[in-house]
Amino acid sequence: MVREQYTTITEGTHIERPENQAVYKIGIYGWRKRCLYLFVLLLLIVLLVNFALTIWILRVMWFSPVGMGHLHVTADGLHLEGESEFLFPLYVKEIRSRVDSSLLLQSTQNVTMNARNTEGEVTGRLKVGPQMVEVQSQQFQIHSKDGKPLFTVDEEKVMVGTDKLRVTGPEGALFEHSVETPLVRPDPPQDLRLESPTRSLSMDAPKGIHIQAPAGKIEALTQMDIVLQSSDGTVVLDAETVCLPELALGSQGPAGSSQGLYEVCVCPDGKLYLSVAGMGTTCHEHSHLCL
């Protein structure tokens with residue numbers, strides 16, 4: 001580019017222009033120009049590669065206006081189709097499955113669900129492990145589909161709300177402490193057996209105890225004593241035949257005097273014994289059996 005020189009002259013004055021004029025070039029030339037073009041070309045290539053990778057990621061991850069892949073964003077929350085894997089904790093308010101499928105939570109070790117309060121403290125925990133299901137809460141409840149409580153556990157009691165509690169184990173049910181129930185009965189083809197192998201068996205009721213066996217018999221076996229006690233009433237043995245085969249028997253009287261008849265005598269401590277019947281009572285003759 002030619003640099004022009006301007007000279008101020010007066011009118012009528014002639015000045016000759018110098019023959020040698022200096023020419024200066026403005027711009028980038030040589031190896032700097034080639035490096036600049038190469039740098040611009042590299043930037044263009046990187047831009048195209050990034051654009052291609054972005055398109056590829058969008059296609060692989062299935063991005064769409066409503067979500068990403070099987071994860072759709074709806075007005076009610078997030079809708080997820082198929083199986084999903086979470087590598088870190090998941091915080092949600094509600095998890096529910098589709099109407100026509102079940103909800104499956106699966107882990108290689110255990111599945112733990114925590115409920116926290118506003119301060120972040122754990123107030124309830126459900127842990128499903130390979131060998132045990134652990135529930136940590138102040139109260140555990142199981143309800144039926146209509147909202148009826150079926151099973152309730154807290155620190156003071158366990159409540160079963162079903163109409164019938166059935167124990168199918170071959171050894172029956174083992175209770176270490178007292179049991180309160182209005183009715184105990186087995187399945188129709190089985191016998192009912194109440195047993196205490198090492199201690200005593202006691203049944204108490206404020207209004208009465210009813211033991212019925214319409215199609216069988218009732219047996220009470222013990223190593224020590226069987227006590228039938230009524231605090232305000234009587235003990236009634238109502239049957240066609242009442243047998244006491246192991247009662248102590250007093251000495252026989254004169255031949256033919258008793259005609260095989262005996263009377264039941266009672267000791268002051270409640271012990272029963274038999275005495276040969278006579279015209280009057282003969283219990284005093286065999287009172288030595290009370291000792």
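Position 1 is the first residue of the sequence; numbering continues from there. These numbers were taken from a predicted model, which means no experiment stands behind them.
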*With distance as the sole test, does Ser97 use its side chain to make a donor-acceptor pair with the main-chain N or O of Ser101 at under 3.5 Å?*
yes

*Taking only residues two or more places apart in sequence or in another chain, which ones pass salt bridge (Lys or Arg N to Asp or Glu O under 4.0 Å) with Glu195?*
Arg193

*Looking at Leu272 and Val266, what are the two nearest heavy atoms and their distance?*
CD2-CG2, 3.3 Å

*asked:* Among Ile218, Val184, Ile211, exactly one meets side-chain contact (heavy atoms from CB on, under 4.5 Å) together with Leu192. Which residue is that?
replied: Val184

_Hydrophobic cluster membership, Val135 vs Met113, 4.5 Å side-chain cutoff_ = yes

*Enter the distance from Asp154:CG to Gln138:CD here, rounded to the nearest 0.5 Å.*
10.0 Å

*Which is it for Leu274 and Val264 under the side chain to side chain contact (heavy atoms under 4.5 Å, CB included) test, yes or no, and what are the steps along the way?*
CA-CA 5 Å; Leu274 295 179; Val264 179; 3.8 Å; yes

*Tell me, please, which residues at least two apart from Cys267 pass disulfide (SG to SG under 2.5 Å).*
Cys290

*Step by step, work out the side chain to side chain contact (heavy atoms under 4.5 Å, CB included) result for Leu221 and Ile226.*
CA-CA 8 Å; Leu221 303 177; Ile226 297 178; over 6 Å; no

*Not counting sequence neighbours, which residues clear side chain to side chain donor-acceptor pair (under 3.5 Å) with Lys217? List them please.*
Glu219

*Under 4.5 Å between side-chain heavy atoms, hopping through other hydrophobics if needed: is there a path connecting Leu126 to Phe140?*
yes

*Is it the case that one hydrophobic cluster holds both Val111 and Met132, taking links as side-chain heavy atoms less than 4.5 Å apart, direct or via other members?*
no

*Taking ILVMFWY side chains as joined if any heavy atoms are under 4.5 angstrom apart, and letting links pass through other members, which residues group with Leu104?*
none

*Got a sec, which residues hit side chain to side chain contact (heavy atoms under 4.5 Å, CB included) with Asn114, two or more places apart in sequence or on another chain?*
Thr112, Arg116, Val122, Arg125

_Looking only at side-chain N and O atoms, does Gln141 offer a donor or acceptor that is under 3.5 Å from a partner on Gln139?_
yes

Name the atoms and distances for all side-chain donor-acceptor pairs under 3.5 Å in residues 36-61, with sequence neighbours left out.
residue, atom, partner, partner atom, Å
Asn50, ND2, Val46, O, 3.3
Thr54, OG1, Asn50, O, 2.7

*For Ser275 and Glu263, indicate whether the former's side chain and the latter's backbone hold a donor-acceptor pair under 3.5 Å.*
no

*Heavy atoms, side chains only, cut-off 4.5 Å: are Val73 and Leu78 in contact?*
yes

_Hphob cluster co-occupancy, Val158 + Ile142, side-chain heavy atoms under 4.5 angstrom_ = yes

*asked:* Could you report the tightest heavy-atom contact between Gln109 and Pro130, atom names first, then the distance?
replied: O-CD, 3.5 Å

